[in-house]
Every structure is written in C-alpha cells, then in structure tokens.
Amino acid sequence: QVQLVESGGGLVHPGGSLRLSCVASGPNLDYDAIGWFRQAPGKEREGVSCIRVSDDRAYYEDFVKGRFTISRDKSKNTVYLQMDSLKPEDTAVYYCATSVPVDGIASMSDFYYGMDYWGKGTLVTVSS
C-alpha cells in the first residue's frame, strides 16, 4: 500500500505560479509512474502529468504543456508539479497518484487508467 500526501495548493491570480508537492510513503513503493490528476467543480477528473520512474520520462496533457513541469526527488520519495502561467480554468483539486498499468507507461492515458493509489488532494484556485 502507498500513502500519498499533497501540499502546496492555494489561491493565485491568473498568470501566477504555484508548486505542488506530493510525498509517497509505505512499505511497498513499487510503481511504474507517479503523477497528478485534477477534478474541477462539477467536472470529471482528468489527468495532468506524470513521470515514469524507470527513466524519469515526463508526460503532459496538451492543456498544460509549456506551462507545467513535473519533477521528482528520489531520495525524498517526492514528486513536484511546478505550475506557471495559471489560468482560471486550472482551478481544481489536484491529486497525486501512483500507477501500475498492465503494459507499462507510454502515455498519459496509460497512467490515468493504471492509477491505483491517490491522496486526498490539494485545492488550487486561480482567480482575480
């Protein structure tokens, strides 16, 4: 089992930045990828970004490419999501998740449908 704890959310103006953090813990930290999905009020959840742990290859959904950057610190079992140029439509609860898809990670879709554990989320509000 994996425990995931997110932090770093808050209120930011459009065009601003935030950095989310997620610490993973547990007796068996064996996953193919770790990353983020989000859920906005009244909307379905959607993948955002993930990182494949075998080679640190990063994947992004199109709507965050060029604005968000995912990274991880292996020594701290921590993954980060640097979010720049934030827009009001980025407002959502952001969740950290691990993923173990059957056929490995080659896309955000693989990550999303292979998610097995996630945290309680951190709220990001982008508003003027």
Side-chain angles (χ1 to χ4, degrees):
Q1 189 167 355
V2 179
Q3 290 80 45
L4 300 161
V5 179
E6 305 94 337
S7 61
L11 173 63
V12 64
H13 293 310
S17 298
L18 280 175
R19 189 175 83 151
L20 306 183
S21 300
C22 169
V23 180
S25 63
N28 185 20
L29 299 181
D30 185 17
Y31 42 81
D32 293 333
I34 186 167
W36 301 85
F37 68 93
R38 69 187 187 185
Q39 187 162 25
K43 294 188 177 181
E44 303 225 342
R45 65 184 193 184
E46 57 186 0
V48 174
S49 178
C50 74
I51 193 164
R52 187 168 62 193
V53 300
S54 62
D55 59 0
D56 281 349
R57 165 77 183 269
Y59 296 88
Y60 301 93
E61 290 291 357
D62 286 346
F63 53 79
V64 301
K65 281 181 180 176
R67 300 190 299 125
F68 292 9
T69 304
I70 192 170
S71 61
R72 73 183 185 115
D73 186 331
K74 299 177 197 177
S75 67
K76 297 180 180 178
N77 290 323
T78 300
V79 64
Y80 305 98
L81 187 68
Q82 177 66 40
M83 305 187 297
D84 299 317
S85 302
L86 282 161
K87 306 174 181 180
E89 52 263 44
D90 293 317
T91 295
V93 178
Y94 285 70
Y95 299 87
C96 177
T98 57
S99 183
V100 189
V102 173
D103 296 320
I105 294 287
S107 68
M108 276 302 300
S109 178
D110 291 336
F111 169 78
Y112 184 80
Y113 290 106
M115 294 192 303
D116 54 353
Y117 296 102
W118 48 88
K120 295 182 179 180
T122 185
L123 176 62
V124 172
T125 303
V126 185
S127 175
S128 55

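Note that the structure is predicted; figures quoted are calculated from it, not measured. Sequential numbering from 1 along the given sequence is applied to the chain's residues. Only this structure's heavy atoms are used, side chains among them; waters, hydrogens and symmetry mates stay out.
Across all their heavy atoms, R72 and D56 have their closest contact at NE-OD1, 2.7 Å. The shortest heavy-atom contact between S71 and V79 is O-CG2, 3.2 Å.
In this structure the side chain of Y95 never reaches within 4.5 angstrom of the side chain of L4, judged on heavy atoms. When side chains are defined from C-beta on, I34 counts as touching I51, because their heavy atoms get closer than 4.5 Å. At least one side-chain heavy atom of L86 sits less than 4.5 Å from a side-chain heavy atom of F68. Looking only at side-chain heavy atoms (C-beta outward), T122 and S7 stay at 4.5 Å or farther from each other. Side chains of I70 and Y59 form no contact here, defined as non-hydrogen atoms less than 4.5 Å apart. T91 has its side chain out of reach of S127: every pair of non-hydrogen atoms, C-beta onward, lies at least 4.5 Å apart. At least one side-chain heavy atom of M83 sits less than 4.5 Å from a side-chain heavy atom of L20.
Hydrophobic clustering (ILVMFWY, side-chain heavy atoms < 4.5 Å, transitive): V53 and V48 are in one cluster.
A salt bridge links E46 with R38: at least one charged nitrogen is closer than 4.0 Å to a carboxylate oxygen. One finds no salt bridge joining D90 and K87 here, because no Lys/Arg side-chain nitrogen approaches an Asp/Glu carboxylate oxygen to under 4.0 Å.
Under a cut-off of 6.0 angstrom, the local environment of OH in Y113 is sparse, with at most 12 non-hydrogen atoms contributed by other residues, nucleotides or ligands.
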| message | Let's go through D84 and S17 carefully: what are the C-alpha distance in whole Å and the side-chain angles of both, what is the deciding distance for side-chain hydrogen bond (donor to acceptor under 3.5 Å, both in side chains) to 0.1 Å, and is it a yes or a no? | response | CA-CA 4 Å; D84 299 317; S17 298; 2.7 Å; yes
Which donor-acceptor pairs under 3.5 Å do the side chains of residues 103-112 make with protein atoms, sequence neighbours left out?
| unit_1 | atom_1 | unit_2 | atom_2 | d |
| --- | --- | --- | --- | --- |
| S107 | OG | S109 | N | 3.4 |
| S107 | OG | D110 | N | 3.2 |
| S107 | OG | D110 | OD2 | 3.4 |
| D110 | OD2 | A106 | N | 2.8 |
| D110 | OD2 | S107 | N | 3.3 |
| Y112 | OH | R45 | NE | 3.0 |

